[in-house]
Asks: 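Structure below; questions to follow.
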Protein chains: 2
Amino acid sequence: MTGLREMKKQRTRDALIRAAHELFVSQGYDATTVDQIAAAVQVSQRTFFRYFSNKEEVALAPQQLMLAHFLDVFRGRPSDEAPLESLRGALDEAWADLESTIEAILPIELHMRMWELTQNTPALLGAALLQSQANQDLLTEELARRCGLDPEGDPRPRVLVAAFVGVTDAAVRAWAHLGHESSAAARRITMSHLDQLQPALCGSWDCQDGRPEDVSTRSPC
Amino acid sequence: MTGLREMKKQRTRDALIRAAHELFVSQGYDATTVDQIAAAVQVSQRTFFRYFSNKEEVALAPQQLMLAHFLDVFRGRPSDEAPLESLRGALDEAWADLESTIEAILPIELHMRMWELTQNTPALLGAALLQSQANQDLLTEELARRCGLDPEGDPRPRVLVAAFVGVTDAAVRAWAHLGHESSAAARRITMSHLDQLQPALCGSWDCQDGRPEDVSTRSPC
DNA sequence: TGTCAATTGGCAGACACTGACATTATTGTC
DNA sequence: GACAATAATGTCAGTGTCTGCCAATTGACA
């Protein structure tokens with residue numbers, strides 16, 4: 001399957017992603033037209049839409065790669081691990097593989113700038129949330145399978161994954177809000193937010209050490 | 001400010017929402033054009049876009065109303081209440097006011113059908129998630145204010161709200177996935193999901209009674 | 001009644017996206 | 001190496017969303 005045809009397709013796809021990202025980051029997402037992206041790769045507009053079903057897809061392609069990788073890593077986690085620990089661990093592993101996963105297509109620097117832009121561009125953020133939600137469904141299914149629960153009937157895997165994804169998404173938004181921060185900062189912020197999940201829900205907010213307390217004895221704020 | 005001009009504007013806006021919803025529900029969202037909606041109210045397309053900045057906005061107008069009402073109710077909650085309890089309680093109150101909030105513009109029946117359609121229409125779901133996230137930011141700010149915390153620096157309000165919103169969104173998706181259920185069912189499913197939040201994160205999945213246990217002693221799945 | 005300001009309609013145009021068909025390039029085969 | 005089968009691409013026309021611009025209409029208020 002390494003014929004000339006496949007290689008050319010792969011090269012065109014990569015070139016489109018690359019050109020699109022450079023244009024998006026330098027001019028903004030809305031200000032960049034599909035015609036510009038196609039022209040930069042010397043390809044017709046019609047061909048662009050054969051590779052990507054819409055303008056958002058080319059912008060979120062690297063994110064899609066990350067999500068797929070994260071899901072793979074999660075599947076490889078030991079099944080005797082606590083669910084939340086598996087999710088957190090898988091995310092940490094995926095972050096560690098960030099460079100090798102992304103650098104094959106784009107410079108990390110460009111990817112992070114694009115990610116920040118995504119969080120500040122409504123059209124893109126909406127699409128990203130949609131993508132994140134599709135991933136959420138897959139995660140829920142996998143978690144339920146792992147624990148031998150019914151993903152449709154039992155709400156608990158769905159609830160846990162929803163909380164997990166909600167918090168990681170919020171962490172990324174908080175990161176982007178700071179502006180021009182590194183990927184290391186993104187990782188650190190995401191992980192520290194996750195570490196607040198159990199204490200915030202199960203413990204008092206007076207203690208910051210992450211040790212959960214009995215809910216019935218907690219103070220209000 | 002109850003001049004004839006204001007009344008006419010209000011009536012046009014309501015008529016547009018009503019006509020749009022009926023068309024969306026009967027033909028589908030994508031299959032309905034803005035021209036059709038405008039024609040149904042005997043108004044030009046240009047006028048439609050003066051009332052709603054895009055096609056999604058008219059579809060999500062009732063949702064926007066609900067979110068605003070929920071935020072209002074949350075602000076009215078006693079400040080000595082535990083944060084998660086305030087969120088849960090405010091949501092329950094907002095659900096109770098559903099009819100009086102919505103019926104002024106639309107039949108509840110139509111609203112619920114539209115809501116279900118929203119969850120199954122990617123373009124709409126993306127916009128809805130965006131809307132939900134904007135609301136999430138406001139909630140976080142309000143919660144931080146209430147507890148005297150810094151909404152930028154302290155991640156805990158953000159984390160708690162993210163988990164809360166993530167779970168309610170997931171609950172709605174689970175509801176819509178069942179198909180043609182009542183609003184009472186939506187309320188019940190949402191609340192039961194919220195009740196799983198603390199146990200799912202802090203307790204073992206072997207007990208379903210909602211009583212959190214010490215994390216260190218829980219069993220894996 | 002007449003002026004002022006807000007609302008609306010109509011029009012042209014940019015841009016995202018799609019279907020149909022002709023053209024070109026690659027592959028496997030003789 | 002020529003040749004048919006197949007896949008990728010280009011071109012073109014068209015639909016639908018959304019915007020800027022200007023003229024016409026309508027309500028507010030003296």
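Since we're looking at a predicted model, the values are computed, not measured. Chain naming here is simple, since letters A, B, ... match the order of the sequence lines and numbering starts at 1 in each.
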Asks: By nearest atom, which of the nucleotides D/dG10, C/dG10, D/dG27 is closest to the B/Arg46 side chain?
Replies: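 Within the option list, the nearest is C/dG10.
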Asks: Just by modelled atom types, is the A/Ser182 backbone N or O under 3.5 Å from a matching donor or acceptor in the A/Trp175 side chain?
Replies: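 Flag set: sc A/Trp175 to bb A/Ser182 pair under 3.5 Å.
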Asks: Which one, D/dT17, C/dA16, C/dA25, comes nearest to the side chain of B/Val34?
Replies: D/dT17
Asks: Nearest-Å distance, CD (B/Glu6) to P (D/dG27)?
Replies: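 It works out to 13 Å between those atoms.
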Asks: Salt bridge or not for A/Glu109 and A/Arg113, using N-O below 4.0 Å?
Replies: yes
Asks: From CG of A/Leu16 over to P of D/dA8, roughly how many Å is that when rounded to an integer?
Replies: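 Roughly 15 Å, once rounded to whole Å.
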Asks: Answer yes or no on whether A/Lys55 is positioned over the face of A/Tyr29, meaning its NZ or CZ is under 6.0 Å from the six-membered ring centre and within 45° of the axis.
Replies: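 Output yes; distance and angle both within limits.
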Asks: From the set C/dG10, D/dT9, C/dT7, return the single nucleotide nearest to any side-chain atom of B/Arg50.
Replies: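 In terms of side-chain proximity for B/Arg50, the closest of C/dG10, D/dT9, C/dT7 is C/dG10.
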Asks: Any idea which of C/dA5, C/dA25, D/dC18 is nearest the B/Arg5 side chain?
Replies: C/dA5
Asks: Please confirm whether the shortest side-chain N or O distance from A/Lys8 to OP1 or OP2 of C/dA25 is below 4.0 Å.
Replies: no
Asks: Between B/Tyr51 and C/dT8, is there a side-chain N or O to OP1/OP2 distance below 4.0 Å?
Replies: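 Affirmative; the distance criterion is met.
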Asks: With DNA chain C as reference, determine whether B/Ser44 or A/Phe49 sits nearer its 5' end, using the nearest nucleotide of each.
Replies: B/Ser44
Asks: Look at the side-chain N and O atoms of A/Lys9 and state whether any lies under 4.0 Å from the OP1 or OP2 oxygen of D/dA8.
Replies: yes
Asks: Hey, is B/Arg146 close enough to B/Glu142 for a salt bridge, meaning N to O under 4.0 Å?
Replies: no
Asks: Within this structure, what is the CD-to-P distance between B/Gln10 and D/dG27, rounded to whole angstrom?
Replies: 17 Å
Asks: Distance check needed: C/dT27 P versus A/Met7 CE, whole Å only.
Replies: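 Atom-to-atom, A/Met7 to C/dT27, this comes out as 11 Å.
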Asks: D/dA8 P sits how many Å from A/Gln45 CD, rounded?
Replies: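 It works out to 19 Å between those atoms.
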Asks: From CD of B/Gln42 over to C1' of D/dT25, roughly how many Å is that when rounded to an integer?
Replies: 17 Å
